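Reviewing the structure listed below.
All figures in this text were calculated on a predicted structure; none of them were measured in a lab. Note that ligands are numbered from 1 as they come in the structure, with each ligand's atoms numbered from 1 the same way. Along the sequence shown, the residues carry numbers beginning at 1.
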Amino acid sequence: VSSRRLGAAGSPITDALEALVETGVLQRDPLQLAAAAELDRVMVELSRAPKGGLLGMFASAPEPVRGAYLVGQVGRGKTMLMDLFFQHVPIAKKRRVHFHEFMDEMHVAITEFRKSEHGRGNADPIAAVTKPLLDEIRLLCLDEFQVQDITNAMLLGRLFGQLWAAGVTVVATSNTRPDDLYENGLNRQLVLPFIAELKARCDVVELDGPTDYRRLKFEGEEVYRFGVGPEVDAGMDRLWLRLTGGVAGEPGELRSLGRSIPVPRQAMGAARFSFADLCEKPLGARDYVKLSHAFDALMIEHVPQFDRLRTDASKRFILLVDTLYDRGVKLAASFAVPLDELGRDDKTKAEFARCVSRLIEMQSTQYLAAAHRGHADAPAVV
Ligand SMILES: Nc1ncnc2c1ncn2[C@@H]1O[C@H](COP(=O)(O)OP(=O)(O)O)[C@@H](O)[C@H]1O
Ligand SMILES: [Mg+2]
């Protein structure tokens with residue numbers, strides 16, 4: 001009898017991981033299994049802890065559920081595990097967001113509040129922005145947690161202090177151990193209480209096995225195909241399955257600025273679009289940033305040759321490539337013509353030259369093995 005069967009109800013994440021291993025989507029990895037066991041613990045406790053209800057009105061607030069902080073080098077499966085957990089956890093008040101995007105939202109909300117009538121008094125802006133959050137989340141999953149600058153560092157302690165005090169559970173992925181966060185940063189001592197609380201509120205789970213699975217996926221793989229027709233498309237189909245470990249994927253959506261951007265196919269951290277989906281619709285810089293936070297590999301099919309008739313689409317394509325490049329998102333694409341024939345319009349020649357040079361770099365082994373970075377200015381984590 002495998003341990004999996006023994007644990008039936010108590011090990012939903014381990015079971016889900018085992019199922020992916022058994023169908024060949026993932027390789028068996030003991031450290032990932034250990035992390036899954038920890039996520040099982042979080043999930044079981046979250047499903048158990050009653051909140052509200054008749055009894056809840058009289059009982060004191062339940063013990064908050066300790067979260068998890070998955071840490072390790074790139075390509076170890078941290079995001080994959082967190083997403084698996086998020087997908088399975090049976091509570092409605094949950095949110096999964098890129099850390100950088102979450103902090104951006106908080107800064108915007110605080111600025112708004114300060115401008116408001118209320119905020120001009122001495123009301124606490126942090127309390128004001130966390131209050132509406134608390135109605136919506138009991139579980140907050142944060143991808144690529146990091147402490148980058150002093151503004152974020154100062155905000156973190158107060159913000160998360162209030163979220164934790166209100167019983168929110170945090171599950172995060174990061175390249176940096178809590179004790180190394182904001183290392184050598186200015187006024188680092190101010191961040192130490194936050195680090196101590198982070199360690200008290202989350203179990204730190206190390207995922208530092210020898211295998212960089214992302215690197216394996218791209219090894220020996222041509223990420224660009226050229227030409228049009230069924231053969232090129234079939235090549236892209238094969239490449240897609242390689243990126244997802246054989247999962248066809250399903251449609252999804254990405255919410256951006258109150259709108260919804262349809263994602264034709266997504267699976268295992270990758271998304272698949274046609275050129276028209278992304279560049280012939282009125283999408284802008286913010287949408288592309290959202291996209292590069294949500295996925296670490298993007299497939300774009302049927303990129304055309306750019307002539308004078310496609311000025312808007314070509315501008316969007318250049319912006320998209322810049323955004324993906326800055327954040328280390330991996331790109332697989334099919335192009336109608338070779339890269340050096342892509343730009344046919346003299347007006348955008350210079351911009352195109354830069355775009356093509358980035359495209360060339362983005363197929364290099366080095367780029368494909370590097371980290372996905374949430375923040376454009378982040379130093380590359382190797
Ligand atoms: N055990 C595994 N076997 C095969 N592929 C894996 C395994 N774990 C993760 N992957 C894949 O490797 C890539 C990198 O995983 P990811 O979770 O994004 O890593 P991290 O967040 O640690 O950088 C993803 O495409 C993921 O689906
Ligand atoms: Mg990740």
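The backbone N or O of Cys355 sits nowhere less than 3.5 Å from a side-chain atom of Asp322 that would complete a donor-acceptor pair.
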Would you mind listing each N/O atom of ligand 1 next to any protein N/O under 3.5 Å, plus the distance?
unit_1, atom_1, unit_2, atom_2, d
ligand 1, 1 (N), Gln27, O, 2.9
ligand 1, 1 (N), Gln32, OE1, 3.0
ligand 1, 3 (N), Gln27, N, 2.8
ligand 1, 8 (N), Gln32, NE2, 3.0
ligand 1, 17 (O), Lys78, N, 3.4
ligand 1, 17 (O), Thr79, N, 3.2
ligand 1, 17 (O), Met80, N, 2.8
ligand 1, 18 (O), Arg214, NH2, 2.9
ligand 1, 18 (O), Asp296, OD2, 3.4
ligand 1, 19 (O), Gly77, N, 3.1
ligand 1, 21 (O), Thr79, N, 3.0
ligand 1, 21 (O), Thr79, OG1, 2.8
ligand 1, 22 (O), Arg76, N, 3.1
ligand 1, 22 (O), Gly77, N, 3.1
ligand 1, 22 (O), Lys78, N, 2.9
ligand 1, 22 (O), Lys78, NZ, 2.7
ligand 1, 23 (O), Gly75, N, 2.8
ligand 1, 23 (O), Arg214, NH2, 3.2
ligand 1, 25 (O), Lys217, NZ, 2.8
ligand 1, 27 (O), Lys217, NZ, 3.3

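For the Mg ion (ligand 2), the count of nearby protein N, O or S atoms, meaning those under 2.8 Å away, is 1.
Using a 4.5 Å cut-off on side-chain heavy atoms (C-beta onward), Leu342 and Leu339 make contact. For the pair Val129 and Glu112, the minimum side-chain heavy-atom distance is 4.5 Å or more. No side-chain heavy atom of Lys281 sits less than 4.5 Å from a side-chain heavy atom of Arg316.
Residues passing the ring-ring contact (aromatic ring centres under 6.0 Å, His included) test with Tyr69, sequence neighbours excluded: Phe145.
Surrounding CZ of Arg286 are at most 12 heavy atoms belonging to other residues, nucleotides or ligands under 6.0 Å away. Environment of CZ in Arg259: crowded, with over 12 heavy atoms of neighbouring residues, nucleotides or ligands closer than 6.0 Å.
Taking a 4.5 Å side-chain heavy-atom cut-off between Ile, Leu, Val, Met, Phe, Trp and Tyr, the cluster of Trp240 extends to Met236, Leu239, Leu241, Met299.
The distance between the ring centers of Tyr367 and Phe218 does not fall below 6.0 angstrom.
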